[in-house]
Amino acid sequence: MRRTSVLLCTVACLVASLGSRAGAAPPPAAGPPTVTPAEITFRDDVLRAGAAGQVGLLPGPVAALRDIAASYLRPTPDHPDHPAYAGATVLAAHEGVVVQRFAVGDAVRYAAIGVELPPAERRAARVDTIYDVASVSKLFTTIALLQQVEAGRVALDAPVARYLPEFGKPTVTVRHLLTHTSGLPAFLPFYSLYPTPAQRLAAALATPVVDGTAPGKQYVYSDIGLIALGVLVERVSGKGLARAVRDGITGPLSMKDTRYNPPAALRDRIAATEYQPYVGRGMVHGEVHDENAWALGGVSGHAGLFSTVDDLSILCQTLLNGGVYKGRRILREGTVRDTLVNYNAGLELSYPDSDRGLGFELGKHSYMDAMASPVTFGHTGFTGTSVVVDPLSHSFLILLSNRVHPDRAWGTNTVARRALARSFADAHPVRPPLGGRAWRTERRDNSTVTLTAPLDRPARDGAAATFLLWYDTEPRYDAVSVESSADGAAWTTVPLALRAPGRGFTADGPLTGYGGRRWWQVTASLPAGATHLRWSYRTDVGAQGRGVYADHILAFDRHGALFTDEARLVADGWVPATT
């Protein structure tokens with residue numbers, strides 16, 4: 001009865017509006033929806049174990065995380081030649097409640113490439129297994145540097161050479177290094193080019209920018225820039241990087257298992273990484289995997305830290321709290337917000353993967369998948385690690401794995417990262433605003449799915465459709481179009497006016513990217529002669545957002561109804577859904 005009443009009310013309102021003109025302009029707004037760090041609401045949560053339903057999550061997708069993680073212990077259709085990793089540990093939390101925490105597979109499985117250890121010599125992955133987090137270390141370097149900014153010892157837009165004269169490159173600033181826009185190359189094998197740690201470090205600092213580059217004008221993810229930032233932290237703080245991280249981050253937050261160069265006593269808890277005979281190391285276990293970090297003594301701005309999911313969960317919650325945890329503040333709230341501004345927005349067209357705050361990656365659907373938003377932040381590590389933090393839903397997901405064990409050539413584990421993030425995002429319900437069921441796109445990569453409404457008769461002048469829409473897609477690559485046809489064969493995109501409380505915008509083409517995580521009341525103008533209306537969602541081969549939902553679909557012209565019965569919808573890749 002409630003849905004029928006709503007439909008009748010909507011019909012009356014639409015007919016009244018058509019009496020004047022269809023598709024009235026929405027309220028003023030600055031284009032399609034977006035979100036900025038200024039709009040984030042920080043909480044003061046303390047981590048504790050709990051159930052998904054306790055914090056409003058759907059239990060099914062949360063429970064599925066374990067099976068998803070376990071499925072990548074063997075070859076899969078999207079990772080066909082080898083397992084994605086030998087072992088992994090996963091932690092997922094929402095509003096301070098840890099709703100999943102588990103381990104799968106082995107922390108130590110191989111003696112060499114393709115040579116498995118006897119079962120008695122293997123070490124199963126555990127929830128407290130310590131992993132080499134690789135480039136996730138860059139987040140700690142970033143925070144340590146930002147603490148020096150807060151202390152007034154560093155200015156983000158000052159030349160790096162002000163603090164490190166041997167760096168040279170007078171137009172490269174601290175911010176350029178944090179956003180990977182300096183023009184420095186991505187990597188150089190200092191470990192094999194120079195014989196001593198001192199010579200390797202000197203060479204890293206003296207590395208020239210690539211010919212033809214200009215600071216701030218290009219994006220190249222650079223380990224070399226973070227090596228320099230680690231030295232900068234040491235120079236201005238008067239402490240070694242390991243001590244600066246301990247005194248400023250891991251100590252105050254009681255992250256007891258996070259450190260560089262873990263002692264031999266912890267070896268049994270540490271996941272092994274790669275077999276590296278080419279540098280005389282054999283199977284790397286208990287030492288940093290990254291060759292440059294190893295050759296620099298195990299402590300570097302770009303890599304070197306070891307940690308656990310429990311320790312990293314404290315860091316994630318601290319950032320969701322605005323820089324404080326259990327009364328211990330490591331960053332000011334304003335600094336956290338500044339960290340999440342996309343300083344590379346002007347580079348997106350030329351460098352689609354460039355979205356960066358200060359040190360943090362932003363909105364990377366490639367591994368954040370459906371958890372991504374313009375302010376979702378995190379980082380990956382080469383060894384198979386990643387953290388994804390969504391401040392809009394107050395959620396985070398940590399995956400620690402040893403995907404390079406025994407050989408990096410076996411491939412990345414990004415497919416597993418995406419699959420886990422997609423399932424955890426699905427645990428956050430999208431409920432039809434008026435109850436009942438909506439239509440939802442199925443998750444299909446590299447596909448087009450359609451929902452078609454055959455009209456009762458050809459539309460006359462002044463025709464329009466109205467419906468509710470919720471969308472969240474991978475920007476640029478996945479998009480939904482609303483289209484009309486006069487014969488069911490040739491389709492044309494129709495103009496849309498989208499409204500929500502306090503804002504609105506118009507669209508003459510496909511909708512893509514962040515949809516505001518809200519339902520929109522949409523009016524679509526239909527051309528005379530239209531016999532069909534459809535929603536067409538096109539995806540590429542990789543990542544996705546949450547997808548598209550449509551509900552309460554009606555179409556009219558001045559002469560009456562064109563479509564009112566959703567039972568007549570023809571769905572190809574769309575399914576009824578209550579969440």
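Excluded from the calculations below are hydrogen atoms, water molecules and symmetry mates; all remaining heavy atoms, backbone and side chain alike, are included.
- In this structure, Arg403 forms a cation-pi arrangement with Phe382, its terminal cationic atom sitting closer than 6.0 Å to the ring centre and no more than 45° off the ring axis.
- Within a 6.0 Å sphere centred on CG of Asp461, other residues, nucleotides and ligands contribute 12 heavy atoms or fewer.
- A donor-acceptor pair is defined here as one N or O able to donate and one able to accept, closer than 3.5 Å; such a pair exists between the side chain of Asn413 and the backbone of Gly384.
- Electrostatic pairing of Asp557 and Arg457 counts as a salt bridge here, judged by a charged N lying under 4.0 Å from a carboxylate O.
- Annotation: side chain of His428 is in contact with side chain of Leu57 (closest heavy-atom distance under 4.5 Å).
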Starting from the C-alpha separation in whole Å, work towards a yes-or-no answer on salt bridge (Lys or Arg N to Asp or Glu O under 4.0 Å) for Lys364 and Asp355. CA-CA 8 Å; Lys364 292 292 180 70; Asp355 291 350; over 6 Å; no
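- A donor-acceptor contact shorter than 3.5 Å links the side chain of Glu566 to the backbone of Ile553.
- Under a 3.5 Å cut-off, the side chain of Arg356 and the backbone N or O of Gly359 do form a donor-acceptor pair.
- Considering CD of Gln544 and CD of Glu474, their distance stands at 8.0 Å, rounded to 0.5 Å.
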Can Leu399 and Tyr367 be said to form a side-chain contact (heavy atoms from CB on, under 4.5 Å), step by step? CA-CA 11 Å; Leu399 167 64; Tyr367 68 95; over 6 Å; no
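- Side-chain contact check for Ile398 versus Cys316: some heavy-atom pair is nearer than 4.5 Å.
- The CG atom of Leu526 sits 7.0 Å away from atom CG of Leu562, with the distance rounded to the nearest 0.5 Å.
- The closest side-chain heavy-atom distance from Arg175 to Leu358 is below 4.5 Å.
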Evaluate the side-chain contact (heavy atoms from CB on, under 4.5 Å) criterion for residues Leu400 and Val133: first the C-alpha distance (whole Å), next the side-chain angles of each, then the deciding distance (0.1 Å), finally the verdict. CA-CA 7 Å; Leu400 300 184; Val133 301; 4.2 Å; yes
Between Phe556 and Thr466, is the side-chain contact (heavy atoms from CB on, under 4.5 Å) condition met? List the steps. CA-CA 9 Å; Phe556 288 84; Thr466 184; over 6 Å; no
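- Of the possible polar contacts, none joining the Arg101 side chain to the Ala93 backbone as a donor-acceptor pair under 3.5 Å is found.
- A distance-only check finds no donor-acceptor pair linking the side chain of Arg517 to the backbone of Val430 [under 3.5 Å].
- Panel note: side chain Ser354, backbone Tyr351; a donor-acceptor pair is recorded below 3.5 Å.
- Taking every heavy atom of both residues into account, Ile68 and Leu420 meet most closely at CG2-CD2, 3.7 Å.
- Taking each heavy atom of Pro185 and Ser222 in turn, the nearest pair found is O-OG, 2.7 Å.
- A salt bridge links Asp445 to Arg422: at least one charged side-chain nitrogen sits closer than 4.0 Å to a carboxylate oxygen.
- Closest non-hydrogen pair, Leu65 versus Phe424, comes out as CD2-N, 4.0 Å.
- Aromatic pair Phe505/Trp520: centroids less than 6.0 angstrom apart.
- In this structure, the separation between CE on Met371 and CG on Asp472 is 12.0 Å, given to the nearest 0.5 Å.
- Counting only heavy atoms from C-beta outward, the side chains of Leu498 and Thr506 never approach each other to under 4.5 Å.
- When all heavy atoms of Ala489 and Asp487 are compared, the pair lying nearest together is N-OD1, 2.8 Å.
- The closest side-chain heavy-atom distance from Thr380 to Arg417 is below 4.5 Å.
- Here the CH2 atom belonging to Trp439 is positioned 15.5 Å from the CZ atom belonging to Phe467, to the nearest 0.5 angstrom.
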For Leu392 and Thr376: C-alpha separation, side-chain torsions, deciding distance, then whether side-chain contact (heavy atoms from CB on, under 4.5 Å) applies. CA-CA 8 Å; Leu392 300 182; Thr376 299; 5.8 Å; no
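- Note: Trp574 and Tyr537 fail the aromatic proximity criterion, with ring centroids not under 6.0 Å apart.
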Go through it in stages, so that I can follow the logic: the residues are His532 and Ser484, the test is side-chain hydrogen bond (donor to acceptor under 3.5 Å, both in side chains), and I'd like the CA-CA distance, side-chain angles, deciding distance and then a yes or no. CA-CA 6 Å; His532 294 76; Ser484 70; over 6 Å; no
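- In terms of heavy atoms, Ala561 sits closest to Thr564 at CB-CG2, 3.9 Å.
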Verdict with reasoning, Ser395 to His94, per side-chain hydrogen bond (donor to acceptor under 3.5 Å, both in side chains): CA-CA 4 Å; Ser395 303; His94 175 61; 2.7 Å; yes
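- Salt-bridge annotation for Asp551 and Arg437: absent, with no side-chain N of the basic residue lying under 4.0 Å from a carboxylate O of the acidic one.
- Put simply, the side chain of Ser536 reaches to within 4.5 Å of the side chain of Thr448, judged on heavy atoms.
- Side-chain contact check for Thr512 versus Tyr477: every heavy-atom pair is 4.5 Å or farther apart.
- Summarising the geometry of Asn402 relative to Tyr131, their closest heavy-atom pair is N-CE2, 4.0 Å, with the distance given to 0.1 Å.
- A distance-only check finds no donor-acceptor pair linking the side chain of Asp223 to the backbone of Phe187 [under 3.5 Å].
- Side-chain rings of His180 and Tyr221 approach one another, their centers coming within less than 6.0 Å.
- Within the 4.5 Å cutoff, the side chain of Arg337 has heavy atoms near those of the Ile40 side chain.
- With rounding to the nearest 0.5 angstrom, the CG atom of Leu533 is 8.5 Å from the OG1 atom of Thr452.
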Take Arg538 and Glu483 through the test salt bridge (Lys or Arg N to Asp or Glu O under 4.0 Å) and record every step on the way to the result. CA-CA 13 Å; Arg538 299 170 178 85; Glu483 304 164 328; 3.2 Å; yes
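- Gln317 pairs with exactly one of Leu315, Leu320, Leu319 by the side-chain contact (heavy atoms from CB on, under 4.5 Å) rule, that one being Leu320.
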For Ser393 and Asp390, what are the C-alpha separation, side-chain angles and deciding distance, and is it a side-chain hydrogen bond (donor to acceptor under 3.5 Å, both in side chains)? CA-CA 6 Å; Ser393 68; Asp390 178 8; 2.8 Å; yes
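- Not a single donor-acceptor pair under 3.5 Å links the side chain of Ser525 to the backbone N or O of Ala464.
- At least one donor-acceptor pair under 3.5 Å links the side chain of Thr539 to the backbone N or O of Ser447.
- Figure legend: Arg568 and Phe563 shown without cation-pi pairing, the cationic atom not lying both under 6.0 angstrom from the six-membered ring centre and within 45 degrees of its axis.
- Classification of Arg534 and Asp572 as a salt-bridged pair fails, no side-chain N sitting under 4.0 Å from a carboxylate O.
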Yes or no on side-chain hydrogen bond (donor to acceptor under 3.5 Å, both in side chains) for Asn344 and Glu348, after CA distance, side-chain angles and deciding distance? CA-CA 7 Å; Asn344 291 351; Glu348 284 181 340; over 6 Å; no
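- Atom OH of Tyr219 is separated from atom OG1 of Thr181 by 10.0 Å, given to the nearest 0.5 angstrom.
- The side-chain tip of Arg518 does not point at the ring of Trp470 from less than 6.0 angstrom away and within 45° of straight on.
- Of the possible polar contacts, one joining the Arg546 side chain to the Ala425 backbone as a donor-acceptor pair under 3.5 Å is found.
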